[in-house]
There are 2 protein chains.
Amino acid sequence: MQGVRLTPTSYIVLGLLSWVAEATPYDLKRMVAGSVGNLWSVQHAQLYTEPERLAKAGYLTEDRERGGRRRRRYAITERGRAALREWISMPTDDFTELRDPGLLQLFFGADPAELASTQLHVHEEKLREYEEVRARGSSDAPAGPRLALEAGIGHEREWIRFWRRLAKG
Amino acid sequence: MQGVRLTPTSYIVLGLLSWVAEATPYDLKRMVAGSVGNLWSVQHAQLYTEPERLAKAGYLTEDRERGGRRRRRYAITERGRAALREWISMPTDDFTELRDPGLLQLFFGADPAELASTQLHVHEEKLREYEEVRARGSSDAPAGPRLALEAGIGHEREWIRFWRRLAKG
DNA sequence: ACCGTACCATCCAGACTGGACTATTGCAAG
DNA sequence: CTTGCAATAGTCCAGTCTGGATGGTACGGT
């Protein structure tokens, strides 16, 4: 019931469960894809182990179907909500972690123009995807995801500026 | 001698060792800090285990001091250089992985203005650091690290624009 | 001779990764 | 209706990585 370390992954699970009455790991997986998954990648296997861990510590309740798929349904507890609230109210000064394989190749001497043409494609595609999500979003959607999406769009544009500059020598 | 998977971390070790005749894990640690460590975080413990793994697979040679600190000195082999060259010449289309704790808090409903003031500090500091590195750099430095630094500076500026916008409502 | 401060190496439990593997269910064509 | 495919859903595992603790070595200064 006590003493687990809460990681960013934990807060993703708690955060998503604070928006819905209950969810199975598979539901979480779909919620993550196309939203928070863009700013913090989560392995699907974690969405099975992490809720289990959180349930053991009292942040969630677990309820398992008998027969059939034997889905586990999780719901957030008051203790879980409190932990989430507390985390949200303490602005972090932890730093952005960036992992960009293309940039790594550039660092170690890859041909800038050639690399740029590959990377440009990838980032243009991603930008298109984000802009589509934005277009679909209703105006009464929660502010958080909308703002995070704006951040993502801004960064994709920056990537595109950067690689475009390299592409033309 | 065979069959290890080469990860980005592997290429960081190979890449750094391609620039110097030999290095101990501790040397690698210092080389990473303030350069490639900014675009791909590496735990120091990995700089002990990864070269060992690479040496076993024939990409590096290992030579251990007797007595004293018993430092291990690693040097890249022709096989290692070949692997590095091959990786560099194949532009990756793997995608940027971004992990930003602040953005995650924003996503889940943190107060934008409050969060922004914390994050602004952090990113302004980082930008200052990058610009200092750039100022110190000689003009005959290799192009790769210089370009990667430019990317980092561009992104820090983007973060600052983003959080600045949120800070003033 | 002693101390403080870098320098340097190793270890560990727990968490995460990437993917393989299995099973269930819905649906559509034959 | 039954067969087969796609989508849905859950589990497992070996290998890696994480974050930090721990403990040793070297060296200048007093």
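Labels below follow one simple rule: chain letters A, B, ... track the order of the sequence lines, proteins then strands, and each chain is numbered from 1.
Nucleotide D/dA9 holds its P atom 10 Å from the CD atom of A/Glu65, rounded to whole Å. In this structure, A/Lys56 places its NZ atom 10 Å from P of C/dA15, rounding to the nearest Å. Counting to the nearest Å, the C1' atom of C/dT10 and the OH atom of B/Tyr26 are 15 Å from each other. Atom P of nucleotide C/dA6 and atom NZ of B/Lys29 are separated by 13 Å, given to the nearest angstrom. A straight line from CZ of B/Arg71 to C1' of C/dT10 spans 15 Å, rounded to a whole angstrom.
Between B/Glu131 and B/Arg128 there is no salt bridge, since no side-chain nitrogen of the basic residue lies less than 4.0 Å from a carboxylate oxygen of the acidic one. Under a 4.0 Å N-O distance rule, the pair A/Arg71/A/Glu22 does not qualify as a salt bridge.
Atom CG of B/Leu17 and atom CG of B/Leu28 lie 5.0 Å apart (nearest 0.5 Å). In this structure, CG on B/Leu6 lies 9.5 Å from CD on B/Glu86, to the nearest 0.5 angstrom.
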What's the verdict on side-chain contact (heavy atoms from CB on, under 4.5 Å) for B/Arg134 and B/Tyr130, showing C-alpha distance, side-chain angles and the deciding distance? CA-CA 6 Å; B/Arg134 177 165 65 177; B/Tyr130 283 165; over 6 Å; no
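Under the 30°/60° scheme for interplanar angles, the aromatic rings of A/His123 and A/Trp159 are found to lie parallel.
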With B for base contact, S for sugar-phosphate-only contact and - for none (protein heavy atoms under 4.0 Å), nucleotides 11-19 of chain D reads BB---SSSB
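Side-chain contact, A/Thr9 with A/Glu50: no donor N or O sits under 3.5 Å from an acceptor N or O.
Considering B/Asp100, B/Leu115, B/Thr118 in turn, B/Leu115 is the only one that fulfils the side chain to side chain contact (heavy atoms under 4.5 Å, CB included) rule with B/Gln105.
With the end axes of the helix from C/dA1-D/dT30 to C/dG30-D/dC1 each set by five pairs, the angle from one to the other reads 10° at 10° resolution.
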